Amino acid sequence: MRVRKGPAMNEVTAKRIAEFIAPLRVRPGAKVKLGKDFDPRYKADFLKKKDGRELLRTGISLLAEYQRRLAAQNSHGVLMCLQALDAGGKDGTIRHVMSGVNPQGVQVHNFKVPSTEELDHDYLWRYACRLPERGEIGIFNRSHYEEVLVVRVHPEHLVRQKLPPEAKGKDVWERRYREINDWERYLTDNGFHVVKLFLNLSKEEQRIRFLKRIDVPDRNWKFSAADVREREYWDDYQVAFSEMLSGTSTSWAPWYVIPADRKWFARICAAAIMVHTLIDIDPQYPTVSAEARADLLDVRKRLEKEAPKGAAADPYEKKIAAHKRAG
Ligand code: AMP
Ligand code: MG
């Protein structure tokens, strides 16, 4: 489906998408308690899994069309940050949601335990190096938020960062929230929208997905014993996520908490939030000035004259006219 420019379609769709994602957004300044405020099994009442497939397809084609415009306009970029616990569905979300977009306009980066070179820099350096260009969608599969999640839950990571004493006091997490907020504000002010998605999985659903990774041989590669060890820190992570959501959901870059126990619903949510962002940017194909247009028409005349005997002077003219008649 192509996005028609008609205001009716856009306004109605835009409003429906905005309403659909509103309950997922973390209100800036809200004090979040994950277990109490967000249900991993939530889904919108009006949605059934079988309708979900159609809706996801629509979302994907909307994304594809908007991404073409984003690239053509070449003034804004979008950074999507995906965070989740193991088996939360990050990889699948990226695969599905971005399946329709031109690979030339998208970059995906995965962040693992930092290298020695990365540890020799400030903690945001490696993320800054991988930001999208204007006209691009960048995806961080894990992101700078690991710096207040895994690094917080496992303080030995902070030790490895070789910070000077004044930079690792008790207020280190509050300070990092502020620094991250400032950095994202800087990016937003300069045309880069930051979209933050947290795939919120329940502990029981994680257990089931781990078992699937063990039981299905083709999935064994996805499982590591370290994932089960990490699961033992579940409660610490819930606290770290809650404080991260409370400290870094801002008016310029709010967090969205996506219920992740149903993969199909999580994917629709992720697509809807991305489309919402692009509607907000509203990128347009550039139009050329009257002067440049006149030059183009001149060139057309010359090309038409070069048509070999028997060939149409401009085969496109007819096609475009037919297309216009068809509306
Ligand atoms: P995976 O996503 O399964 O490939 O695992 C990547 C691992 O790298 C996860 O265990 C993350 O917690 C870890 N990781 C990512 N970023 C950082 C970081 N900044 N410091 C320490 N560990 C990290
Ligand atoms: Mg893993």
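The structure displayed is predicted, hence computed values, not measured ones. These values consider heavy atoms only, across backbone and side chains, with no hydrogens, waters or symmetry-generated copies.
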Asker: First locate atom CH2 of Trp264, then atom NZ of Lys48, and finally report the distance between them rounded to the nearest 0.5 Å.
Answerer: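 Trp264 atom CH2 to Lys48 atom NZ measures 8.5 Å (nearest 0.5 Å).
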Asker: Among Tyr123, Trp183, Trp125, Phe111, exactly one meets ring-ring contact (aromatic ring centres under 6.0 Å, His included) together with His144. Which residue is that?
Answerer: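 With His144 as partner, Tyr123, Trp183, Trp125, Phe111 yield a single ring-ring contact (aromatic ring centres under 6.0 Å, His included), made by Trp183.
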Asker: I want to check something: taking the side chain as every heavy atom from C-beta on, are Met80 and Ile273 in contact at a cut-off of under 4.5 Å?
Answerer: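 No; the side chains remain at least 4.5 Å from each other.
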Asker: Answer whether the closest heavy-atom distance between the side chains of Leu55 and Phe265 falls below 4.5 Å.
Answerer: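 Not touching, per the 4.5 Å side-chain cut-off.
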Asker: So, for Pro23 and Tyr42, which heavy atoms are closest and what is the spacing to 0.1 Å?
Answerer: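 Distance-wise, the nearest heavy atoms are CG-OH, 4.2 Å.
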Asker: Are Leu149 and Ile258 linked, directly or through intermediate hydrophobic residues, by side-chain heavy-atom contacts shorter than 4.5 Å (ILVMFWY only)?
Answerer: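 The answer is no; the residues belong to distinct hydrophobic clusters.
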Asker: If I compare all heavy atoms of Asn200 with all of Pro40, which pair ends up nearest, and what's the gap?
Answerer: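 Nearest pair, atom of Asn200 first, then Pro40: O-CB, 3.3 Å.
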Asker: Between Lys170 and Arg175, does a side-chain contact (heavy atoms from CB on, under 4.5 Å) hold up when you go through it step by step?
Answerer: CA-CA 10 Å; Lys170 268 214 307 287; Arg175 222 193 51 239; over 6 Å; no
Asker: Using a strict threshold of under 4.0 Å (side-chain N to carboxylate O), is an ion pair present between Arg69 and Glu65?
Answerer: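 Here Glu65 pairs with Arg69 in a salt bridge, since their nearest N and O are under 4.0 Å apart.
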Asker: Keeping Lys196 on the side-chain end and Ala253 on the backbone end, is there a donor-acceptor pair under 3.5 Å?
Answerer: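 At least one qualifying donor-acceptor pair exists.
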Asker: Strictly below 4.0 Å, N to O, side chains only: are Glu174 and Arg178 in salt-bridge contact?
Answerer: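 So Glu174 does not pair with Arg178 through a salt bridge.
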Asker: Could you tell me if the side chain of Phe192 sits less than 4.5 Å from the side chain of Arg134, heavy atoms only?
Answerer: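 A side-chain contact exists here, since the closest heavy-atom pair is under 4.5 Å.
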Asker: Is the closest side-chain heavy-atom distance between Ile279 and Tyr66 below 4.5 Å?
Answerer: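 Side-chain contact under 4.5 Å: yes.
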Asker: Given Phe198 and Tyr256, is the ring-ring contact (aromatic ring centres under 6.0 Å, His included) satisfied, shown in steps?
Answerer: CA-CA 6 Å; Phe198 167 51; Tyr256 289 91; over 10 Å; no
Asker: Do you reckon Ile139 sits in the same ILVMFWY cluster as Leu278, going by side-chain contacts under 4.5 Å, direct or chained?
Answerer: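 Yes, it is one cluster - the side chains of Ile139 and Leu278 are joined through contacts under 4.5 Å.
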Asker: Give the intermediate values and the outcome of side-chain contact (heavy atoms from CB on, under 4.5 Å) for residues Cys81 and Val194.
Answerer: CA-CA 7 Å; Cys81 301; Val194 185; 4.2 Å; yes
Asker: How many angstroms lie between CD1 in Ile268 and NZ in Lys49, if you round to the nearest 0.5 Å?
Answerer: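 Answer rounded to 0.5 Å: 10.5 Å.
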Asker: Just by distance, with hydrogens left out, do Thr250 and Glu184 show a side-chain donor and acceptor under 3.5 Å apart?
Answerer: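 Side-chain D/A pair, Thr250 to Glu184: absent.
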Asker: If you round to the nearest 0.5 Å, how far is SG of Cys269 from CD1 of Ile21?
Answerer: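 SG of Cys269 is found 9.0 Å from CD1 of Ile21.
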Asker: For the rings on Trp255 and Phe38, is their centre-to-centre separation under 6.0 Å?
Answerer: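 Between Phe38 and Trp255, which both carry aromatic rings, the centre distance is not below 6.0 Å.
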Asker: In terms of side-chain geometry, is the basic nitrogen of Glu118 or Arg130 positioned less than 4.0 Å from the acidic oxygen of its partner?
Answerer: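 A salt bridge links Glu118 with Arg130.
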Asker: Is the backbone of Leu47 close enough, under 3.5 Å, to the side chain of Asp51 for a donor and an acceptor to pair up by distance?
Answerer: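 Flag not set: sc Asp51 to bb Leu47 has no pair under 3.5 Å.
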Asker: Within a reach of under 6.0 Å around CZ of Arg53, are more than 12 heavy atoms found that belong to other residues, nucleotides or ligands?
Answerer: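 Open: at most 12 neighbouring heavy atoms sit under 6.0 Å from CZ of Arg53.
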Asker: Counting only heavy atoms not in Lys203, do more than 12 fall under 6.0 Å of its NZ?
Answerer: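 Yes, because the 6.0 Å sphere around NZ of Lys203 holds more than 12 heavy atoms from other groups.
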Asker: Any donor and acceptor pair, going by atom type alone, linking the side chain of Ser249 with main-chain N or O of Val26 inside 3.5 Å?
Answerer: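 Judged by distance alone, yes, a pair lies under 3.5 Å.
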Asker: When rounded to the nearest 0.5 angstrom, what distance separates CZ in Arg126 from CG in Leu124?
Answerer: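 Those atoms lie 10.5 Å apart.
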Asker: Should Val299 and Asp295 count as side-chain neighbours, where that means a heavy-atom distance under 4.5 Å?
Answerer: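 Val299 does not reach Asp295 side chain to side chain.
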Asker: Between Gln73 and Ser75, is any side-chain donor less than 3.5 angstrom from a side-chain acceptor?
Answerer: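 Side-chain D/A pair, Gln73 to Ser75: present.
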Asker: Salt bridge or not between Asp261 and Lys43? Use side-chain N to carboxylate O under 4.0 Å.
Answerer: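 No.
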Asker: Please say whether more than 12 non-hydrogen atoms of neighbouring residues, nucleotides or ligands are located less than 6.0 Å from CZ in Arg293.
Answerer: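 No, CZ of Arg293 has 12 or fewer neighbouring heavy atoms, counting only those of other groups under 6.0 Å.
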Asker: Is it true that Asp91 and Arg267 make a salt bridge, defined as a side-chain N closer than 4.0 Å to a carboxylate O?
Answerer: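 No salt bridge links Asp91 with Arg267.
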Asker: side-chain contact (heavy atoms from CB on, under 4.5 Å) between Tyr145 and Thr248: does it pass, once the steps are laid out?
Answerer: CA-CA 10 Å; Tyr145 284 98; Thr248 60; 3.4 Å; yes
Asker: Between Asp236 and Arg152, does any NZ, NE, NH1 or NH2 come within less than 4.0 Å of an OD or OE carboxylate oxygen?
Answerer: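 Salt bridge absent between Arg152 and Asp236.
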Asker: Start with the C-alpha gap between Tyr237 and Leu85, add the side-chain angles, then the distance that decides, and say whether side-chain contact (heavy atoms from CB on, under 4.5 Å) holds.
Answerer: CA-CA 8 Å; Tyr237 272 109; Leu85 286 173; 3.6 Å; yes
Asker: Are there over 12 heavy-atom neighbours, none belonging to Gln104, within less than 6.0 Å of that residue's CD?
Answerer: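 For Gln104, atom CD is not crowded (no more than 12 foreign heavy atoms under 6.0 Å).
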Asker: If you count the non-hydrogen atoms of other residues, nucleotides and ligands that lie under 6.0 Å from CD in Glu156, is the total more than 12?
Answerer: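 For Glu156, atom CD is crowded (more than 12 foreign heavy atoms under 6.0 Å).
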Asker: Taking the six-membered ring of Phe210 (Phe, Tyr or Trp), confirm whether the NZ or CZ of Arg207 is under 6.0 Å from its centre and within 45° of its axis.
Answerer: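 No - Arg207 does not lie over the ring of Phe210 by the 6.0 Å and 45° rule.
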Asker: Give the C-alpha distance, both sets of side-chain angles, the deciding distance and a yes or no for ring-ring contact (aromatic ring centres under 6.0 Å, His included) between Tyr233 and His154.
Answerer: CA-CA 9 Å; Tyr233 294 89; His154 299 285; 4.5 Å; yes
Asker: Measure the CG-CG distance between Leu34 and Leu245 for me, rounded to the nearest 0.5 Å.
Answerer: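 Result: 6.0 Å between the selected atoms.
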Asker: Short question: side chain of Ser143, backbone of Phe140 - any donor-acceptor pair under 3.5 Å?
Answerer: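 Pair absent, no side-chain N/O of Ser143 close to backbone of Phe140.
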Asker: Calculate, to the nearest 0.5 Å, the distance between atoms NZ and CZ belonging to Lys90 and Arg95 respectively.
Answerer: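 Atom-to-atom, Lys90:NZ and Arg95:CZ are 13.0 Å apart.
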Asker: Does Glu136 reach the main-chain N or O of Glu133 with its side chain, forming a donor-acceptor pair under 3.5 Å?
Answerer: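 Confirmed, Glu136 side chain pairs with Glu133 backbone.
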Asker: Quick check on the hydrophobic clustering: are Leu197 and Phe20 connected, directly or via other members, by side-chain heavy-atom contacts under 4.5 Å?
Answerer: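 Yes: a chain of side-chain contacts under 4.5 Å links Leu197 to Phe20.
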Asker: Is any side-chain N of the basic residue among Lys301 and Glu304 closer than 4.0 Å to the acidic one's carboxylate O?
Answerer: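 Salt bridge flag = no for Glu304 with Lys301.
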Asker: Would you find a donor on one side and an acceptor on the other, under 3.5 Å apart, between the side chain of Asn181 and the backbone of Gly247?
Answerer: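 Yes, because the side chain of Asn181 sits within donor-acceptor range (under 3.5 Å) of the backbone of Gly247.
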Asker: Using a strict threshold of under 4.0 Å (side-chain N to carboxylate O), is an ion pair present between Glu11 and Lys15?
Answerer: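 Here Lys15 does not pair with Glu11 in a salt bridge, since their nearest N and O are not under 4.0 Å apart.
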Asker: Check the surroundings of atom OH in Tyr316: do more than 12 heavy atoms from other residues, nucleotides or ligands lie under 6.0 Å from it?
Answerer: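 Counting neighbours around OH of Tyr316, 12 or fewer heavy atoms of other residues, nucleotides or ligands fall under 6.0 Å, so no.
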Asker: Whether the side chain of Arg41 engages the backbone of Pro259 through a donor-acceptor N/O pair (distance < 3.5 Å, no angle test) should be reported.
Answerer: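 Here the side-chain-to-backbone pair does not exist.
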Asker: Report the residue from Glu146, Glu147, His109 that forms a side-chain hydrogen bond (donor to acceptor under 3.5 Å, both in side chains) with Tyr127.
Answerer: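 Answer after filtering Glu146, Glu147, His109: Glu147.
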Asker: Looking at every non-hydrogen atom in both residues, tell me the closest pair between Val172 and Ala167 and how far apart they are.
Answerer: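 It is CG2-O, 3.8 Å.
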Asker: For Tyr285 and Arg68, work out which heavy atoms get closest and say how close.
Answerer: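 So the minimum-distance heavy-atom pair works out to OH-CB, 3.6 Å.
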Asker: Tell me the closest heavy-atom pair linking Ala307 and Ala313, and the distance in Å.
Answerer: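 Looks like CB-CA, 3.9 Å.
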Asker: So which heavy atom on Asn102 is nearest to which on Gln67, and how close?
Answerer: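 Heavy atoms only, the tightest pair is N-OE1, 3.3 Å.
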Asker: Donor-acceptor pair, distance only, cut-off 3.5 Å: does the side chain of Arg219 make one with the backbone of Arg209?
Answerer: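 Pair absent, no side-chain N/O of Arg219 close to backbone of Arg209.
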Asker: For Asp37 and Lys33, indicate whether the former's side chain and the latter's backbone hold a donor-acceptor pair under 3.5 Å.
Answerer: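 Side chain of Asp37 to backbone of Lys33: a pair is present.
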Asker: Quick check on salt bridge (charged side-chain N to carboxylate O under 4.0 Å, His left out): which of Lys222, Arg142, Arg229 does Asp86 satisfy it with?
Answerer: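 For Asp86, the salt bridge (charged side-chain N to carboxylate O under 4.0 Å, His left out) check succeeds only for Arg142.
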